[in-house]
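Here's the structure, in structure tokens; my notes come after.
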Amino acid sequence: MIQPNPKRELDFLIIGAGPAGIQMSYFMKKAGYDHLVLEAHDRPGTFLEKYPRHGQMISINKVYTGYTQRAAQLRYDWNSLLCDDDDVALAKYSKDYFPKTEDYARYTQDFVKRYDLEIQFNTRVESVNKAGDGDEGYLVRDQHGMTYHARCLIVAVGVQKPYLPNIPGIELTENYSDMSIDPEEFADQRVLILGKGNSAFETANHLIAATRVTHLCSPSPIKMAWQTHFFGHLRAVNNDFLDTYILKGQNSVLDAEVESIEKVDGEYRVEIRFTHAEDQRATMAYDRVLCCTGFRWDPSFFDDDCQPDMACEDRLPAMTSAWESTNLPGVFYVGTIMQIRDLKKTMSSVLHGFRFNTACLFNLLSQRYLEKPWPCDCFAADSHLIAEKITHQVSSAAGLMHQPGFLGDCLVIDDETGQAKYFENIAVDYIQESDFAKNPHYYIITMEYGEFDGDIFSKDRDPDAAKAYDDAYLHPRIRRMCRGQMLAEHHISESLENDWRIGEHPGERPLIRAIGFKGLDDPSQYQQTHRKQLLAFLDQQLAVGSPAIEPCDCGNGDACQCQRSVATPITTNQSVGNSCPISRNG
């Protein structure tokens with residue numbers, strides 16, 4: 001146990017020992033950085049001991065993937081923290097596809113012990129202030145009166161405070177955070193659940209056999225995760241309730257605005273206005289009203305003169321592309337609160353996404369505070385070597401797959417030396433706002449979905465590898481960039497196994513033996529089709545090299561900082577427009 005000092009000077013101070021705080025501490029402990037984690041409870045990961053309330057996680061724990069490489073296994077292991085030991089995985093604690101919360105709590109506690117992480121338990125942060133007097137960083141005080149001066153403050157406190165919609169009478173409801181989960185207490189009752197997210201449906205499924213009638217209500221229609229690709233929308237594991245609605249099992253899903261809640265004669269009278277019925281109104285009577293409308297971040301431990309900017313109806317902190325507070329330089333955020341950067345688009349709200357965000361932030365902090373270079377692979381700028389590296393990454397890197405279009409790899413070409421530097425797992429908008437974007441010749445590699453119209457389960461496809469830009473399913477995209485502007489783009493056709501390597505596959509024997517593309521005589525050579533098209537794209541771009549700089553009339557002569565360039569022609573197999581990640585997640 002780390003003993004607190006009356007005052008301690010630190011490079012990095014982390015508040016919170018949930019999965020995100022633990023993940024950042026692991027990286028810092030491995031690197032030997034001066035840091036400390038403060039945790040209010042006597043053990044890590046207490047939030048996940050309670051939530052989801054009904055004890056089952058909705059993040060998958062796929063044990064049998066066919067892959068032996070740990071990096072690739074993490075694509076289907078959504079719960080394990082990133083570390084160098086392949087045996088430290090949740091699969092050692094549970095074989096369940098959707099594991100129990102108690103198993104995950106035990107896993108996080110053992111992870112902390114195994115790596116002897118720098119965590120000070122039973123330490124609640126009471127206040128955060130700017131250091132003042134010209135000093136860098138922040139002063140943090142705990143309930144014991146101890147003070148910590150940190151150059152960099154990392155907030156890993158999740159969204160633990162319930163979010164309550166502004167409805168007259170909302171105080172009469174029972175909240176998801178502390179309501180009873182005993183179905184017998186709801187026997188033969190009329191129950192209204194406010195919300196249509198996973199917590200609402202999780203609750204409805206749990207009560208379905210006991211209630212007389214259950215209604216779910218919110219102004220907006222249900223959004224299915226399989227349609228939006230956003231994990232926070234309704235997951236299939238929680239949607240059993242929908243059958244009882246559509247097939248008339250006395251339950252309903254209402255698209256309606258709740259205008260007021262009153263308690264009259266022992267029941268709750270709820271005034272609602274339907275959003276898809278020309279504002280039709282109704283008065284409904286229920287025995288219980290449950291509020292399952294999500295959570296928000298609570299910044300109350302920051303002093304009044306040090307309050308962080310907020311966003312999303314004050315539910316989340318506002319932050320830059322570096323996950324830094326927009327108004328408190330040196331305050332960074334990790335964990336589910338990172339989701340404000342890709343709100344309702346990718347997976348920063350959940351562990352399998354934000355663990356890779358945290359890895360990126362660690363490298364960013366290492367560079368900014370300790371002048372450590374971004375880690376990268378260096379090799380000759382040869383199209384075959386580049387194609388091999390890109391193919392390996394898009395076929396195995398879990399961060400690219402779990403954060404589509406949000407996290408990407410960056411390949412920088414030095415045309416004078418003929419060298420390539422390959423940087424992995426960086427936020428795309430950070431690439432575009434940092435020194436990476438000053439390069440005249442670089443590439444951003446992502447995996448992204450295309451556009452889905454109509455029935456997601458009945459999507460026509462064109463089996464032409466040269467038209468991969470029309471693919472709707474997750475697939476790789478390589479964008480040629482020059483000083484922040486996209487010059488050309490290449491798509492690789494979607495794959496049933498998300499694997500584009502030649503002669504390699506998950507498991508001992510391949511699943512896919514042949515796929516016929518248009519113009520391909522031998523369908524067993526389908527992997528060669530992807531490689532040849534990628535090589536053709538790279539050969540052309542490498543041959544062009546860095547664009548010439550246009551003459552500038554700004555009048556600054558040799559001191560000119562203008563970065564206008566002559567763009568290379570757009571190549572084949574591309575789609576330029578609103579799909580560019582520069583604007584997609586802005």
Side-chain angles (χ1 to χ4, degrees), residues 51-54 159 161-225 227-228 232-235 238-296 312-315 344:
Y51 300 105
R53 289 293 313 280
H54 302 90
V159 285
K161 192 168 183 176
Y163 171 75
L164 299 178
N166 186 20
I167 299 172
I170 192 67
E171 70 279 0
L172 301 174
T173 66
E174 302 169 65
N175 197 271
Y176 174 78
S177 62
D178 53 17
M179 66 188 185
S180 171
I181 57 173
D182 181 2
E184 289 302 313
E185 292 191 20
F186 297 83
D188 199 30
Q189 292 185 352
R190 303 159 297 171
V191 176
L192 173 65
I193 300 176
L194 302 180
K196 293 201 196 95
N198 283 298
S199 62
F201 274 89
E202 167 205 336
T203 302
N205 285 341
H206 187 71
L207 301 178
I208 203 167
T211 60
R212 170 188 150 192
V213 61
T214 301
H215 289 175
L216 273 71
C217 183
S218 76
S220 302
I222 298 168
K223 293 183 178 179
M224 306 301 299
Q227 183 78 45
T228 65
H233 288 150
L234 181 58
R235 296 284 310 286
N238 281 329
N239 73 8
D240 291 352
F241 180 86
L242 289 179
D243 265 7
T244 71
Y245 164 47
I246 299 298
L247 301 179
K248 302 302 181 184
Q250 285 194 301
N251 300 318
S252 295
V253 176
L254 310 177
D255 290 353
E257 185 89 37
V258 175
E259 298 188 323
S260 67
I261 303 170
E262 291 183 291
K263 192 168 186 179
V264 181
D265 296 332
E267 64 181 12
Y268 296 92
R269 303 278 177 85
V270 180
E271 300 292 334
I272 66 173
R273 176 175 53 84
F274 293 98
T275 53
H276 297 134
E278 299 181 357
D279 288 340
Q280 179 187 30
R281 282 175 161 77
T283 301
M284 310 292 287
Y286 299 98
D287 300 298
R288 309 279 281 269
V289 180
L290 311 180
C291 190
C292 299
T293 52
F295 295 84
R296 67 179 182 88
C312 189
E313 299 177 326
D314 290 340
R315 296 178 71 166
K344 298 184 179 180

inquiry  = Taking D188 first and then R212, would you say they form a salt bridge - that is, a charged N and a carboxylate O separated by under 4.0 Å?
reply    = no
inquiry  = Testing the basics here: between C292 and I193, what is the closest heavy-atom pair and its distance to 0.1 Å?
reply    = SG-CG2, 3.9 Å
query = For S218, which residues count as a side-chain contact (heavy atoms from CB on, under 4.5 Å) partner, sequence neighbours excluded?
reply = K196
task = Keeping the roles fixed (side chain from D255, backbone from T275), state whether a donor-acceptor pair exists under 3.5 Å.
result = no
F241 versus A204, closest heavy-atom pair with distance = CD1-CB, 3.6 Å
key: Over all atoms of both residues, closest heavy-atom pair of P221 and H276   = CG-CE1, 3.5 Å
query = Checking R53 side chain against Y176 main chain: does a donor-acceptor pair fall under 3.5 Å?
reply = yes
query = Between the main-chain N or O of R235 and the side-chain N or O of N198, is there a donor-acceptor pair closer than 3.5 Å?
reply = yes
message = As an exercise, state the distance from CD1 of I222 to CG of L234, rounded to the nearest 0.5 Å.
response = 6.0 Å
note = For L172 and K263, the nearest pair of non-hydrogen atoms, with its separation, is CD1-N, 3.9 Å
query = Rounded to the nearest 0.5 Å, what separation is found between the CG atom of L290 and the CG atom of L207?
reply = 7.0 Å
note = Scanning both residues in full, the closest heavy-atom pair of Y286 with L254 reads OH-CD1, 4.2 Å
key: By side-chain contact (heavy atoms from CB on, under 4.5 Å) - contacts of E313 (at least two apart)   = Y163, R315
ask   = How close do Y268 and D287 get, heavy atom to heavy atom, and via which atoms?
value = CE1-O, 3.3 Å
request  = Would you give the length of the straight line joining atom OG1 of T293 to atom CG of L164, rounded to the nearest 0.5 angstrom?
outcome  = 6.0 Å
ask   = So do D240 and F201 actually touch side chain to side chain, heavy atoms under 4.5 Å?
value = no
ask   = When you measure from the side chain of E202 to the backbone N and O of H54, does any donor-acceptor pair fall under 3.5 Å?
value = yes
message = Is it the case that the side chain of N251 and the backbone of V213 share a donor-acceptor pair, with hydrogens and angles ignored and the cut-off at 3.5 Å?
response = no
query = Could R269 and E271 be called an ion pair, given the rule that one side-chain N must be under 4.0 Å from one carboxylate O?
reply = no
task = Assess whether atom CD of E171 is packed by more than 12 heavy atoms of other residues, nucleotides or ligands within 6.0 Å.
result = yes
request  = For the pair S180 (side chain) and D182 (backbone), establish whether a donor and an acceptor sit closer than 3.5 Å, ignoring hydrogens and angles.
outcome  = yes
query = Can you list the steps and then say if T214 with I208 is a side-chain contact (heavy atoms from CB on, under 4.5 Å)?
reply = CA-CA 7 Å; T214 301; I208 203 167; 6.0 Å; no
note = Between the CD1 atom in I272 and the CD1 atom in I167, the distance rounded to the nearest 0.5 Å is 11.5 Å
query = Run the side-chain contact (heavy atoms from CB on, under 4.5 Å) check on R273 and Q280 step by step: do they pass?
reply = CA-CA 6 Å; R273 176 175 53 84; Q280 179 187 30; over 6 Å; no
ask   = Got F274 and R281 here, is their nearest side-chain heavy-atom distance under 4.5 Å?
value = no
query = Looking just at side-chain N and O atoms, do N175 and S177 make a donor-acceptor pair shorter than 3.5 Å?
reply = yes
ask   = Do the side chain of R190 and the main chain of M284 share a donor and acceptor less than 3.5 angstrom apart?
value = no
Rounded distance [0.5 Å steps], CD in Q250 versus NE2 in H215 = 9.0 Å
query = Going through the distances and angles, do S260 and V270 end up as a side-chain contact (heavy atoms from CB on, under 4.5 Å)?
reply = CA-CA 6 Å; S260 67; V270 180; over 6 Å; no
task = First locate atom NZ of K344, then atom OG1 of T228, and finally report the distance between them rounded to the nearest 0.5 Å.
result = 10.0 Å
query = Going by heavy atoms in the side chains, are I170 and L194 under 4.5 Å from each other?
reply = yes
task = For E262, look at atom CD and say whether over 12 heavy atoms of other residues, nucleotides or ligands are found less than 6.0 Å away.
result = no
